[in-house]
Amino acid sequence: MTTIDAPSAKGSGSAATDRFKTERLSADTPPERAKMIYDDVLDALGGVIRKHEVTYAEYKVLKQWVIDVGEGGEWPLWLDVFVEHHVEDVNYSRHGFHGTKGSIEGPYYIPNAPKLPSVCTMPMRDKDLSADQLVFSGQVTDLDGTGIGGARIEMWSNDADGYYSQFAEGMDIPEWNLRGTIVTDDQGRYEITTLHPVPYRIPHDGPTGKFIESYGGHPWRPAHLHLIVSASGRNAITTQLYFRGGDYIDNDVASAVKPELMLEPRKGEDGRYHQEYGFVLDPA
Ligand code: MBD
Ligand code: FE
């Protein structure tokens, strides 16, 4: 007999960790800069310990918890939920971008999702298609409003049960479910039909869940679409879109909501929700 468990934090965390490990990254940080950053991190940490007179018991719990996060493969999850928004914010404001606002990537992006035409329906199962549908249309443009033909919109989102394909072992979700690379038409236009997103509960049965529970928090993100919009000669934008008035909009566990990234779709006579939203790309 086989039992199908809901994907644990460990399952989705390990998948995120395994994918990340295949990338070999380098940041070209010179030693002087590394030293300044390390000194400031350790000073800040020391300051917190002294300010709150952290006990030995608390220090040992921290040590155990750090080990557990690693063994559970949850560093991509924990870091993207609690730290990435600072990195995203400081980078996109430093350059003074004028195009569409960015937001965090999160742990569940997979590059090279299958290409889809400018008018398309995202890969969905019957059960996804029987939930609320969102028809998302618009145009990718330059700063002056010129449409960008052949731009790529990579979109990914969770299903109505709260799972991302390729991060839900044992749930029998097709590899590219709710993932795709939409290519705009020669005017930069697109019309994408997808599942209307629902709030998402981050995996909470592992050390990240324990962390949240320890301060009486909640593990929810508001309903969101993930997007990376790119075109040659332009700055690619990684962002997310949210739904005005939706649950957890004001208390996203990942602190990644921005007022510029709000949708307000209207239900049409066809029973589907409709939303126009354009993306503006800065020159590279
Ligand atoms: C997600 O789906 C997500 O978007 C983020 C930021 C963190 C964990 C899961
Ligand atoms: Fe997400």
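We count ligands from 1, going down the list as the structure has it; atoms in each ligand are counted the same way. Because only heavy atoms are used, hydrogens play no part in the values below, and waters and symmetry mates are left out as well, while side chains stay in.
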Item to check | Ring center gap for Trp156 and Trp176 short of 6.0 angstrom | outcome: no
Checklist entry - Would you say Pro107 touches ligand 1, if touching means a heavy atom closer than 4.0 Å? => result yes
Next on the checklist: I'd like to check which ligand 1 atoms, numbered from 1 as shown, lie under 4.0 Å from a non-hydrogen atom of Tyr108.
Outcome noted: 2 (O), 9 (C)
Item to check | Lys/Arg-Asp/Glu bridge criterion (N-O < 4.0 Å) met for Asp172, Arg125 | outcome: no
Item to check | Numbered atoms of ligand 1 (with element) below 4.0 Å of Val81, judged on heavy atoms | outcome: 7 (C), 8 (C)
Checklist outcome for this item: A student checking ligand 1 against Leu77 at a 4.0 Å heavy-atom cut-off should list atoms 8 (C)
Next on the checklist: Closer than 4.0 Å to some heavy atom of Tyr164 - which atoms of ligand 1 meet that?
Outcome noted: 2 (O)
Checklist entry - Crowded around Asp126 CG? As in, over 12 foreign heavy atoms under 6.0 Å? => result no
Next on the checklist: At a threshold of 2.8 Å, where the distance has to be below it, does the Fe ion (ligand 2) have an N, O or S atom of Tyr164 nearby?
Outcome noted: yes
Next on the checklist: So is His224 touching ligand 1 or not, going by heavy atoms under 4.0 Å?
Outcome noted: yes
Checklist outcome for this item: Per-atom filter on ligand 1: closer than 4.0 angstrom to a heavy atom of His226 are 2 (O), 4 (O)
Next on the checklist: Within ligand 1, which atoms have a heavy atom of Ile202 less than 4.0 Å away?
Outcome noted: 8 (C), 9 (C)
Item to check | Side chain, backbone, both or neither: Glu84 near ligand 1, heavy atoms under 4.0 Å | outcome: neither
Next on the checklist: Salt bridge check, Arg234 against Asp142: does any charged N sit closer than 4.0 Å to a carboxylate O?
Outcome noted: yes
Checklist entry - Side chains of Thr238 and Glu105: do they bring a donor and an acceptor to under 3.5 Å? => result no
Checklist entry - Can Asp161 and Lys127 be counted as an ion pair, charged N to O under 4.0 angstrom? => result yes
Next on the checklist: Looking only at protein heavy atoms, which one is nearest to atom 9 (C) of ligand 1, and what is the separation?
Outcome noted: Tyr200 CE2, 3.4 Å
Checklist entry - Linking I/L/V/M/F/W/Y whenever any side-chain heavy atoms sit under 4.5 Å apart, do Tyr59 and Ile67 land together? => result no
Item to check | Nearest-neighbour protein heavy atom for atom 6 (C) of ligand 1, which is reported as residue plus atom name and distance | outcome: Ile104 CD1, 3.3 Å
Next on the checklist: Before moving on, can you tell me the angle at the Fe ion (ligand 2) between the NE2 atom of His224 and the NE2 atom of His226, to the nearest 10 degrees?
Outcome noted: 90°
Checklist entry - Thinking salt bridges, do Glu154 and Lys115 make one under a 4.0 Å N-O criterion? => result no
Next on the checklist: Using modelled atom types and a 3.5 Å cut-off, is there a donor and acceptor pairing between side-chain atoms of Ser103 and backbone atoms of Gln240?
Outcome noted: no
